[in-house]
Amino acid sequence: METKHIEDWLRDAHAMEKQAEEMLSAQAKRLDHYPVLRTRIEQHLEETKGQAKKLEQVMSSLDIDTSVVKDLGGKLTAFGQAMGGAMASDEVVKGAIASYAFECFEIANYKALIQAAEHASQPELVRVCKEILQEEQAMADWLAEHLEETTEQFLQRSENSDLDAKN
């Protein structure tokens with residue numbers, strides 16, 4: 001069984017989930033005026049924490065350590081993205097767009113990892129990645145379905161000088 005790519009891609013996936021955890025946490029804290037979006041972000045944050053744990057378990061079973069460097073890099077990137085978004089006057093819209101793009105990135109990564117796991121005859125890894133893929137797809141679908149609504153809410157709030165539209 002060739003595991004080089006699986007090991008690298010699992011470390012990447014773990015770092016990606018840690019980055020997502022940081023981004024979602026920062027985003028949820030600032031969504032004061034968008035309760036529907038905040039609730040879904042918080043739900044996905046819990047899913048993301050569970051995804052990281054699932055990856056850690058499967059990595060442990062395959063004797064693969066998590067990469068501290070990649071995880072730290074992901075957290076620093078997430079922090080930078082969160083700070084950049086916090087400064088934007090249209091933070092909620094940019095955040096929703098960035099979240100959708102990130103979900104699509106995660107989906108593509110899990111599809112590749114599933115193919116590699118199938119190629120290497122790793123059924124448990126395939127199962128875990130398919131579970132995670134379903135959650136990522138559901139979040140991407142939700143974000144896509146609600147982007148217009150979120151944007152409309154923002155536009156309505158931004159037209160009223162008495163309301164804070166940013167977040």
Side-chain angles (χ1 to χ4, degrees), residues 1-31 36-85 91-148 150:
M1 172 189 78
E2 173 61 39
T3 61
K4 178 187 183 302
H5 296 297
I6 289 176
E7 290 178 21
D8 289 343
W9 294 351
L10 273 171
R11 284 188 190 101
D12 290 345
H14 185 262
M16 180 176 64
E17 294 305 342
K18 295 310 255 183
Q19 179 180 1
E21 189 176 325
E22 294 290 324
M23 289 187 321
L24 291 167
S25 180
Q27 189 177 21
K29 288 176 187 171
R30 292 190 311 274
L31 289 172
V36 173
L37 179 58
R38 181 182 188 144
T39 298
R40 186 60 178 102
I41 294 288
E42 289 171 342
Q43 177 189 352
H44 193 57
L45 173 59
E46 292 308 309
E47 290 172 344
T48 299
K49 290 176 182 178
Q51 292 166 0
K53 286 181 182 162
K54 288 177 185 178
L55 290 172
E56 289 164 9
Q57 290 170 346
V58 77
M59 290 170 74
S60 177
S61 74
L62 296 171
D63 287 329
I64 301 170
D65 64 325
T66 60
S67 171
V68 174
V69 173
K70 282 187 179 182
D71 282 354
L72 180 60
K75 287 182 178 184
L76 290 174
T77 301
F79 176 75
Q81 289 170 337
M83 293 309 296
E91 174 186 4
V92 69
V93 175
K94 285 183 178 165
I97 292 167
S99 293
Y100 178 70
F102 193 80
E103 291 302 324
C104 291
F105 175 75
E106 288 181 300
I107 289 165
N109 276 275
Y110 283 111
K111 286 182 176 186
L113 191 50
I114 289 165
Q115 187 60 41
E118 287 175 347
H119 183 79
S121 300
Q122 291 291 326
E124 180 61 13
L125 178 55
V126 170
R127 184 190 66 75
V128 166
C129 289
K130 283 184 175 182
E131 283 179 13
I132 294 172
L133 177 62
Q134 285 182 324
E135 292 174 345
E136 302 298 5
Q137 187 65 59
M139 185 62 183
D141 291 346
W142 190 94
L143 288 164
E145 290 168 13
H146 290 83
L147 183 58
E148 291 172 358
T150 300

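Position 1 is the first residue of the sequence; numbering continues from there.
- Other residues, nucleotides and ligands contribute only 12 or fewer heavy atoms inside 6.0 Å of the CD atom of Gln134.
- A distance of 12.5 Å separates CG in Leu125 from CD in Gln57, rounded to the nearest 0.5 Å.
- Between Arg40 and Met139, the closest side-chain pair of non-hydrogen atoms falls below 4.5 Å.
- In this structure, the side chains of Leu37 and Leu143 come closer than 4.5 Å at one or more pairs of heavy atoms.
- Counting only distance, with no hydrogens or angles, the side chain of Arg30 and the backbone of Ala26 share a donor-acceptor pair below 3.5 Å.
- By the 4.5 Å heavy-atom criterion applied to side chains, Ser61 and Glu124 are not counted as neighbours.
- Distance check: Glu135 CD to Glu103 CD gives 10.0 Å after rounding to the nearest 0.5 Å.
- Ion pair Lys54/Glu47 not flagged as a salt bridge, since none of the NZ, NE, NH1 or NH2 atoms sits closer than 4.0 Å to an Asp/Glu carboxylate oxygen.
- Side-chain atoms of Leu62 and Leu10, non-hydrogen and from C-beta on, do get closer than 4.5 Å to each other.
- Shortest non-hydrogen contact noted between Ala120 and Ile6 is CB-CD1, 3.4 Å.
- Of the candidates Glu17, Lys111, Glu131, Glu17 is the only one forming a side-chain contact (heavy atoms from CB on, under 4.5 Å) with Glu136.
- Looking only at side-chain heavy atoms (C-beta outward), Phe102 and Met16 come within less than 4.5 Å of each other.
- Remark: of the listed residues Leu45, Ile41, Val92, Ile41 is the sole one forming a side-chain contact (heavy atoms from CB on, under 4.5 Å) with Gln27.
- Salt-bridge formation is detected for the pair Glu46/Lys49: a Lys NZ or Arg NE/NH1/NH2 atom is positioned less than 4.0 Å from an Asp or Glu carboxylate oxygen.
- The closest donor-acceptor contact from the side chain of Thr48 to the backbone of His44 lies under 3.5 Å.
- Atom-to-atom distance recorded for Ser60:OG and Lys53:NZ is 14.5 Å, nearest 0.5 angstrom.
- The closest side-chain heavy-atom distance from Leu55 to Ile132 is below 4.5 Å.
- We find that Arg38 and Glu42 are joined by a salt bridge, their nearest charged nitrogen and carboxylate oxygen being less than 4.0 Å apart.
- The aromatic rings of His146 and Trp142 sit parallel, their planes meeting at an angle under 30°, below the 60° perpendicular limit.
- Taking CG from Leu147 and OG from Ser99, the interatomic distance works out to 10.0 Å, rounded to the nearest 0.5 Å.
- From Gln137, atom CD reaches atom NZ of Lys130 across 14.0 Å, with rounding to the nearest 0.5 Å.
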Quiz item: After noting the C-alpha distance and the side-chain angles of Glu22 and Gln19, does the key distance pass the side chain to side chain contact (heavy atoms under 4.5 Å, CB included) rule?
Solution: CA-CA 5 Å; Glu22 294 290 324; Gln19 179 180 1; 5.9 Å; no

Exercise. May I have the step-by-step check of salt bridge (Lys or Arg N to Asp or Glu O under 4.0 Å) for Lys18 and Glu21, ending in yes or no?
Key: CA-CA 5 Å; Lys18 295 310 255 183; Glu21 189 176 325; 3.6 Å; yes

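- When all heavy atoms of Ala13 and Tyr110 are compared, the closest pair comes out as CB-OH, 3.9 Å.
- Nearest heavy-atom pair across Trp9 and Leu113 is CB-CD1, 3.7 Å.
- At a threshold of 4.5 Å between non-hydrogen side-chain atoms, the residues Met59 and Asp65 do not count as touching.
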